[in-house]
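The block underneath contains the structure these notes are about, expressed in structure tokens.
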Amino acid sequence: MITLALSKGRIFDETLPLLRAAGIEVLDDPDKTRKLILATNQPEVRVVLVRATDVPTYVQYGGADLGITGKDTLLEHTAEWGGNAGLVQPLDLQIAKCRISVAVREGFDYAAAMRQGSRMTVATKYVGIAREFFASKGVHVDLIKLYGSMELAPLTGLADAIVDLVSTGNTLKANHLVEVEHIMDISSRLVVNQAALKLKTAPIRQIIDAFAAAVATQH
Ligand code: PRT
Ligand code: MG
């Protein structure tokens, strides 16, 4: 049995065409079923639904052989665990694309705050990425870990800046925030459990190769 870990929402939706191109059809709609293990048309392949941030954990510990996760989530996971944590990252699937940026309230003088080295407070779900980014600029910041609604932090005085994902920019605009730094581009990655790749090389390779071919034709 090959187990693929996916999260509901944009990653699941954008993975479906890649699975289809690989000849794999998921037999349930995750929005309509309460099942967490979904069968596919291939008796030896199943999908497990987990929280987006749990995908690297499932794959690292072998709860799933493969998983699809944002580069953001993967970087935070490795920042916490160090090294590659037993995860092989064979493929950039080029789905669920966005960027990770620094944003502040309209009118906040970010350049001055950076220059003066006055300790800025930065709220984020991505403490590993944020720490690394500001350290690379030689700027000391106080990081506040949040689990969601980052946009609220500068509006309530909880923080001066946020580090968050941006796609269209509409969420920032609606909350009177402006993007002041583009830290990096983000897309989703296929990750594979190192031991599973050794033990079940042929079927896992087949999936990796089919995904690679599908990505190549879609871009
Ligand atoms: O939502 P939940 O707490 O369950 O988990 P999650 O937020 O980790 O999962 P999900 O499904 O929301 O996101 C999964 C992955 O999709 C992320 O890890 C990213 O790699 C990728 N992705 C791509 C995005 C976006 N685009 C995105 N725009 N994830 C989140 N957003 C959010 C962003 O955080 C912000 O609140 O959308 C808002 C900004 O969008 P715009 O279009 O208004 O700029
Ligand atoms: Mg979300």
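One-based numbering along the sequence shown. Numbering of ligands and ligand atoms starts at 1, following listing order.
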Any N or O of [X] closer than 3.5 Å to N or O of ligand 1:
{"X": "T171", "result": "yes"}
{"X": "E151", "result": "yes"}
{"X": "G169", "result": "yes"}
{"X": "T168", "result": "yes"}
{"X": "S167", "result": "yes"}

Of the backbone atoms (N, CA, C, O) and the side-chain heavy atoms from C-beta on, which set of K71 has a member under 4.0 Å from an atom of ligand 1: side chain, backbone, both, or neither?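 K71 to ligand 1: no contact under 4.0 Å from either part.
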
Hey, is L172 touching ligand 1 through its side chain, its backbone, both or neither, going by heavy atoms under 4.0 Å?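 Answer for L172: neither.
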
Other residues, nucleotides and ligands only: do more than 12 of their heavy atoms fall within 6.0 Å of [atom1] on [X]?
{"X": "K145", "atom1": "NZ", "value": "yes"}
{"X": "F134", "atom1": "CZ", "value": "yes"}
{"X": "Q206", "atom1": "CD", "value": "no"}
{"X": "E25", "atom1": "CD", "value": "yes"}

When you check the gap from the basic side-chain N to the acidic O, do [X] and [Y] get nearer than 4.0 Å?
{"X": "K8", "Y": "D31", "result": "no"}
{"X": "K125", "Y": "E76", "result": "no"}
{"X": "D209", "Y": "R205", "result": "yes"}

Which option out of R10, R51, K8 puts a heavy atom nearest to atom 27 (C) of ligand 1? R10

Passing option when V48 is tested against D54, T3, L38 for side chain to side chain contact (heavy atoms under 4.5 Å, CB included):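 The side chain to side chain contact (heavy atoms under 4.5 Å, CB included) with V48 is passed solely by T3 among D54, T3, L38.
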
Would you mind listing which atoms of ligand 1 come within a distance below 4.0 Å of any non-hydrogen atom of [X]?
{"X": "G70", "result": "20 (O)"}
{"X": "T73", "result": "18 (O)"}
{"X": "L165", "result": "17 (C), 19 (C), 24 (C), 29 (N), 30 (C), 33 (C), 34 (O), 35 (C), 39 (C)"}
{"X": "K125", "result": "6 (P), 7 (O), 8 (O)"}
{"X": "N170", "result": "43 (O), 44 (O)"}
{"X": "I186", "result": "20 (O)"}

With no hydrogens and no angle check, just 3.5 Å: does a side-chain donor-acceptor pair link R189 and S187? yes

Check for me whether T53 has a heavy atom closer than 4.0 Å to any atom of ligand 1. no

Assess G9 for proximity to ligand 1: is some non-hydrogen atom of it under 4.0 Å away?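 No, G9 has no heavy atoms under 4.0 Å from ligand 1.
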
Test item: N175 side-chain N/O and E151 main-chain N/O as donor-acceptor pair under 3.5 Å: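 No: the side chain of N175 does not pair with the backbone of E151.
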
